[in-house]
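Okay, so here's the structure we're looking at.
Just so we're clear, the structure is a prediction, and the values are computed from it rather than from any experiment. Heads up: numbering here begins at 1 and tracks the sequence.
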Amino acid sequence: MTQRGLRTGRAGGLLALLLTFLLALTACSGDGGGSTDQTTEPPKEGPPPAAAAEVTAQPATGAQDVAPRDPVQVSVAGGTIRSITLTNPVGKEVAGQLSGDKRSWTATEPLGYGKTYTWSGTAVGENGTTEPISGSFTTVTPTATMGGRLNVGDDKTYGIAMPISVTFDSPVTDKAAVENALSVETTPPTEGAWAWLENDSSVHWRPKEYWQPGTEVSVKALIYGVRLGDGVYGEADLTSDFSIGRSQIVKANTQTHRMVVYRDGAEVADYPASFGLESDPGRVTRSGIHVVMTKHETYFMNNPGYGYEDFEVNWAVRISNNGEFTHGAPWSVADQGKENVSHGCINLSPENAKEYFDSAMMGDPVEIEGSTQQLGPRDGAYHDWSYSWDEWTAMSALSR
């Protein structure tokens, strides 16, 4: 072999070795042994399937004895409400409100007693399919309904001690349910609370302190459809909007025999007076905060136990339900300012009695001190201010 052929053969062998090495290197890289990442990504999942509408009604279909003020609503998950009505047995539609997102509808008026209500309508799912809104429920038929009355009237003005009362025709068993249906809104805001007094048929609201003069008050007793207990339900709602007038406070003392009137913080009158005879417990004028209840230019007093009936007095202002009034008493003018001789009333001269009568307003406080007996439950309405604030709030059914 020539020298040139030898060199050519060696070069070909080296080239073959190089190609073999490169092929081996490529194979290693393909098997994952190299530094290049050749992992395969998993296939991507598609979006979840769109939801079908799921309709939920409250009360549930077939429900019985539903109270007329129980929540009434249809809600839709996975869709929206296309159309909906709730009708009574004669086809009248119940008023209601569709939510902004169209996922719920809520009745906005109370229902009737002893009626079957029927749903109809359609919900549309996110997947485009429709679902019927259907079913019915029946409201309760009460064993009886019971009415109530408020002691305050629309557009009236009352004194700074005026309590609010809701009085029912009979005792109430479910007091908490009643309280939850009551509200008092005031401008300016006023702290106050409801309390059930010694009987079970009357609930009162009073502020913690005397009302601020000029306060605007709105009271609502939404008792229609409310369970009052023992199968009895509320008959009708009660509402009233009224105002608080000027501040007038009477401060009377049975020992000094004076009755002083303060209006808006200033003394405007100081009357000599005669109070109840202290030697007879049945005639003692009660100490405590009384409240002006009614006014009568002429009133006929009756107390057979003390020997008088239809006894006429003038300028009578009732301050409790135990027979206590301020009134004109010309027969005791000589004792007024000196001695207590009445049967429990505050005797004033006819002129002073009329002057006070003209200034008095229902709800004015009359604060009496000095006697041996305190105003309390046995004296009837309004003894609301005879309780401390802690005692008062403890008489709420919602505090128990």
Side-chain angles (χ1 to χ4, degrees), residues 54-77 81 83-99 103-121 123 132-150 164-184 194-197 199-205 219-240 396-400:
E54 183 179 340
V55 177
T56 302
Q58 182 185 10
T61 295
Q64 301 288 318
D65 294 333
V66 176
R69 265 210 159 88
D70 282 355
V72 176
Q73 184 182 69
V74 161
S75 58
V76 176
I81 296 172
S83 64
I84 185 171
T85 58
L86 178 65
T87 54
N88 70 9
V90 296
K92 181 181 177 183
E93 293 187 14
V94 175
Q97 179 69 47
L98 184 65
S99 64
R103 292 181 180 273
S104 66
W105 182 95
T106 304
T108 55
E109 64 176 332
L111 306 181
Y113 287 119
K115 295 180 179 181
T116 297
Y117 289 83
T118 303
W119 296 105
S120 62
I133 298 173
S134 60
S136 62
F137 61 89
T138 303
T139 55
V140 68
T141 299
T143 57
T145 59
M146 180 159 51
R149 58 191 180 276
L150 282 166
I164 301 167
S165 72
V166 181
T167 302
F168 293 91
D169 298 335
S170 301
V172 172
T173 302
D174 196 342
K175 299 182 182 67
V178 170
E179 274 193 62
N180 281 322
L182 308 178
S183 67
V184 176
W194 292 98
W196 294 85
L197 302 187
N199 63 63
D200 293 330
S201 60
S202 184
V203 58
H204 289 212
W205 192 98
V219 57
K220 294 181 175 64
L222 304 181
I223 58 175
Y224 170 78
V226 174
R227 300 174 180 87
L228 305 183
D230 300 326
V232 178
Y233 284 74
E235 185 174 278
D237 292 341
L238 307 168
T239 64
S240 179
S396 164
L398 301 181
S399 69
R400 299 168 192 171

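Remark: Thr116 engages Thr138 in a side-chain hydrogen bond (donor to acceptor under 3.5 Å, both in side chains) (not counting sequence neighbours). By the side-chain hydrogen bond (donor to acceptor under 3.5 Å, both in side chains) test, Thr173 pairs with Asp230, sequence neighbours left out. Here Ser240 pairs with nothing under the side-chain hydrogen bond (donor to acceptor under 3.5 Å, both in side chains) rule; sequence neighbours left out. Residues satisfying the side-chain contact (heavy atoms from CB on, under 4.5 Å) test with Thr239, not counting sequence neighbours, are Lys220. Ala63 pairs by the side-chain contact (heavy atoms from CB on, under 4.5 Å) definition with Pro59, Val66, Phe137, not counting sequence neighbours. With sequence neighbours excluded, no residue satisfies ring pair (Phe, Tyr, Trp, His ring centres under 6.0 Å) with Phe168. With sequence neighbours left out, Thr118 forms a side-chain hydrogen bond (donor to acceptor under 3.5 Å, both in side chains) with no residue at all. Scanning for side-chain contact (heavy atoms from CB on, under 4.5 Å) contacts around Glu54 gives Ala77, with sequence neighbours left out. Qualifying side-chain contact (heavy atoms from CB on, under 4.5 Å) partners for Thr108, counting only residues two or more places apart in sequence or in other chains: Ala95, Gln97.
Annotation: side chain of Thr141 is not in contact with side chain of Tyr113 (no heavy-atom distance under 4.5 Å). For the pair Glu235/Ile223, no side-chain contact is recorded, criterion being any heavy-atom separation below 4.5 Å from C-beta on. Side chains of Tyr233 and Leu228 form no contact here, defined as non-hydrogen atoms less than 4.5 Å apart. Residues Val232 and Thr145 form no side-chain contact, since every pair of their non-hydrogen atoms from C-beta on lies 4.5 Å or further apart. With a 4.5 Å cut-off on side-chain heavy atoms, Pro68 and Tyr224 count as touching. You'll find the side chain of Thr56 stays beyond 4.5 Å of the side chain of Val74, heavy atoms only. Counting heavy atoms from C-beta on, the side chains of Leu197 and His204 come closer than 4.5 Å. Looking only at side-chain heavy atoms (C-beta outward), Trp105 and Val76 stay at 4.5 Å or farther from each other.
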| message | For a side chain to side chain contact (heavy atoms under 4.5 Å, CB included) check, start with the C-alpha distance between Val72 and Val94, then their side-chain angles and the critical distance, and finish with the verdict. | response | CA-CA 10 Å; Val72 176; Val94 175; over 6 Å; no

| Chi angles and distances behind the side chain to side chain contact (heavy atoms under 4.5 Å, CB included) call for Leu182, Trp205 | CA-CA 10 Å; Leu182 308 178; Trp205 192 98; over 6 Å; no

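Here the closest non-hydrogen pair linking Ala221 and Val166 is CB-CG2, 4.4 Å. In plain terms, the two heavy atoms of Ser202 and Trp196 that are nearest each other are O-CE3, 3.5 Å. In terms of heavy-atom proximity, Thr139 sits nearest to Gly114 at OG1-N, 3.1 Å. For the residue pair Val226 and Ala181, the shortest heavy atom distance occurs at CG2-CB, 4.0 Å. Taking all atoms of both residues into account, the shortest heavy-atom contact from Ser201 to Ser170 is CB-O, 3.6 Å. Here the shortest heavy-atom pairing between Ala123 and Val55 reads CB-CG2, 3.8 Å.
Note that the CG atom of Leu398 and the CG atom of Asn180 stand 5.0 Å from one another [nearest 0.5 Å]. With values rounded to the nearest 0.5 angstrom, Thr87 atom OG1 is found 12.0 Å from Lys92 atom NZ. Ser396 OG to Trp194 CH2: the interatomic distance, rounded to the nearest 0.5 Å, is 10.5 Å.
Identified under the salt bridge (charged side-chain N to carboxylate O under 4.0 Å, His left out) test for residues 165-182, with sequence neighbours left out: Arg149-Asp169, Lys175-Asp200. Listed by first and then second residue, the side-chain hydrogen bond (donor to acceptor under 3.5 Å, both in side chains) pairs that reach into residues 59-76 are Arg69-Asp237, Asp70-Arg227, Gln73-Thr106, sequence neighbours excluded.
For Ser120 and Thr85, the side-chain atoms include at least one donor-acceptor pair closer than 3.5 Å.
Proximity of a side-chain donor or acceptor of Ser165 to a complementary backbone N or O of Thr167 within less than 3.5 Å is not detected.
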